[in-house]
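Values below: every heavy atom of this structure, side chains too, minus hydrogens, waters and symmetry copies. Counting begins at 1 with the first residue of the sequence.
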Amino acid sequence: MGSSAPLRHGCEDNWTWNRRDRSPEVRLYGPSWRVAHFHPTWSSGTAAVRGTRVLNNGRYYWELRVSQRVFGTSMMFGVGTRRARLHVDAFLNLLGEDEHSWGLSHKGLLWHAGRWTHYTKPFRENEATTVGVLFDGVAGTLSFYKDGASLGVAFRGLHLVREPLYPIVCSTAARTEMTLTLMKRDFVNLQDRCRAAILARARSADALARLALPARLRDFLAEGLDEPQPFQPVDQNAG
């Protein structure tokens, strides 16, 4: 990231797509399940997947590499609560269909509470792109970036949402992919900043185990490791 990138003084974040919180038409694979593949055979509706990161009260930035298959009714990026739907047997703008989610469509439109507004130029179809999402839970804003360029603030007032908010992506188009390629977050406090400094050198559980530290402190450090979450095995061929 360049000097103008958001949260450049923050640290790397560690989350992924939720294997238990997705449409049956979303397959997850790749390192730490960060590749979301929509409608593997054909599409008869709109499919979404939620991220594992709770966003409220923090500052987070993540980037999505969108495959060159950019087309269809709606490919969307944004945030929502657990009440936001993740599947519907119809082609529609799923993020922002109601008050439970906020989203940007590849058509350049912002959606929330069933209403839309123009925001940016439509994405070029069949051309890979990178979408950046900046959530500022303190200011209550959601902003987007496209191929490194800021598109400006899209939504305000998100600090007033009391339910947990999560990253969400969705697509109506068959065999489309979105991959989490970069995740950053702002520091919560000095303790958090110190942990990031230690983990810049001790990058694995084995490295932490060699440190002469109390178990409780070592556990706190381990929470920040960029390693796969201990999910239970799930059959990826099942819905």
Please say whether the positively charged group of Lys184, taken as NZ for Lys or CZ for Arg, lies over the ring of Tyr60, i.e. under 6.0 angstrom from the six-membered ring centre and within 45 degrees of the axis.
no
Are the aromatic ring centres of Tyr145 and Tyr61 under 6.0 angstrom apart?
yes
Gap between atom CG of Leu208 and atom CG of Leu213 - 0.5 Å precision:
8.0 Å
Mind checking side-chain contact (heavy atoms from CB on, under 4.5 Å) for Thr172 and listing every partner two or more places apart, or none if nothing turns up?
Thr46, Thr73, Ser74, Phe91
Start with the C-alpha distance between Val70 and Arg124, add both sets of side-chain angles, then the distance that settles side-chain contact (heavy atoms from CB on, under 4.5 Å), and finish with yes or no.
CA-CA 7 Å; Val70 176; Arg124 297 177 70 92; over 6 Å; no
Is there a side-chain contact (heavy atoms from CB on, under 4.5 Å) between Val131 and Glu63 once you walk through the steps?
CA-CA 6 Å; Val131 176; Glu63 289 186 347; over 6 Å; no
Find out whether Tyr166 and Leu55 are in side-chain contact, i.e. whether some heavy atom of one side chain is under 4.5 Å from a heavy atom of the other.
no
Give a yes or no on whether Val169 and Trp15 share a hydrophobic cluster (residues Ile, Leu, Val, Met, Phe, Trp, Tyr; joining criterion: side-chain heavy atoms under 4.5 Å apart).
yes
Give, for atom CG of Asn93 and atom CE of Met76, the distance between the pair rounded to the nearest 0.5 Å.
5.0 Å
Can you tell me how far apart CD (Glu97) and CZ (Arg115) are? Round to the nearest 0.5 Å.
13.5 Å
Shortest non-hydrogen separation from Ala174 to Phe71 and the atoms involved
O-CZ, 3.7 Å
Leu182 side, atom CG; Asp13 side, atom CG - distance, nearest 0.5 Å:
10.0 Å
Do side-chain atoms of Ser101 reach the backbone of Gly96 as a donor and acceptor pair under 3.5 angstrom?
yes
Flag side-chain contact, heavy atom, 4.5 Å: Thr176 against Val66:
no
Ser43 and Ala173 have their tightest heavy-atom pair at CB-C, 4.4 Å
Any donor-acceptor pair under 3.5 Å linking the side chain of Thr16 with the backbone of Trp33?
yes
Which pair of non-hydrogen atoms, one from Gly30 and one from Val35, has the smallest distance, and what is that distance?
CA-CG2, 4.2 Å
For Ala47 versus Glu25, what's the shortest heavy-atom pair and its separation?
CB-CB, 3.8 Å
Classify the angle between the aromatic ring planes of Trp102 and His112 as parallel (below 30°), tilted (30 to 60°) or perpendicular (above 60°).
parallel
Could you go through the side-chain contact (heavy atoms from CB on, under 4.5 Å) check for Leu95 and Ile168 one step at a time?
CA-CA 8 Å; Leu95 281 181; Ile168 306 180; 3.7 Å; yes
At their closest point, which heavy atom of Arg53 faces which heavy atom of Pro167, and how far apart are they?
O-CD, 3.2 Å
Are the side chain of Asp147 and the backbone of Thr130 linked by a donor-acceptor contact shorter than 3.5 Å?
yes
If only atom types and distance count, is the side chain of His39 paired as donor or acceptor with the main-chain N or O of Ser171 below 3.5 Å?
yes
Evaluate the ring planes of Trp111 and Trp116, with Trp represented by its six-membered ring, and classify them as parallel (under 30°), tilted (30 to 60°) or perpendicular (over 60°).
tilted
Taking the side chain from Arg22 and the backbone from Trp17, do they hold a donor-acceptor pair closer than 3.5 Å?
no
Is it possible for you to say whether Leu28 and Met178 belong to one hydrophobic cluster, with membership spreading through side-chain heavy-atom contacts below 4.5 Å?
yes
Criterion side-chain contact (heavy atoms from CB on, under 4.5 Å) on Glu177 and Arg65, from CA distance to verdict
CA-CA 8 Å; Glu177 284 188 356; Arg65 186 177 68 244; over 6 Å; no
Output yes when a side-chain donor or acceptor of Asn56 lies under 3.5 Å from a complementary backbone atom of Leu165, and no otherwise.
yes
Quick one: do the Asp136 and Thr141 side chains pair a donor with an acceptor below 3.5 Å?
no
Would you say the side-chain atoms of Arg27 pair up with the backbone N or O of Ala36, donor to acceptor, closer than 3.5 Å?
no
Is it the case that atom CZ in Arg156 sees more than 12 heavy atoms from other parts of the structure closer than 6.0 Å?
no
Is there a side-chain contact between Arg175 and His37 (heavy atoms, below 4.5 Å)?
yes
Short N-O contact, Arg82 and Asp21, less than 4.0 angstrom
yes
If we ignore hydrogens and angles and just use 3.5 Å, is the side chain of Arg185 paired with the main-chain N or O of Gly58 as donor and acceptor?
no
With a 3.5 Å distance limit and no angle check, can you tell me whether Ser32 reaches the backbone of Arg34 through a side-chain donor-acceptor pair?
no
With hydrophobic residues grouped by side-chain heavy-atom distances under 4.5 Å, do Leu92 and Leu86 end up in a single group?
no
When rounded to the nearest 0.5 angstrom, what is the spacing between CG in Leu110 and CG in Leu104?
5.5 Å
Distance-only, no hydrogens or angles: does the His100 side chain make a donor-acceptor pair with backbone N or O of Thr81 under 3.5 Å?
no
Could you check whether atom CD of Gln68 has more than 12 heavy atoms from other residues, nucleotides or ligands sitting under 6.0 Å from it?
no
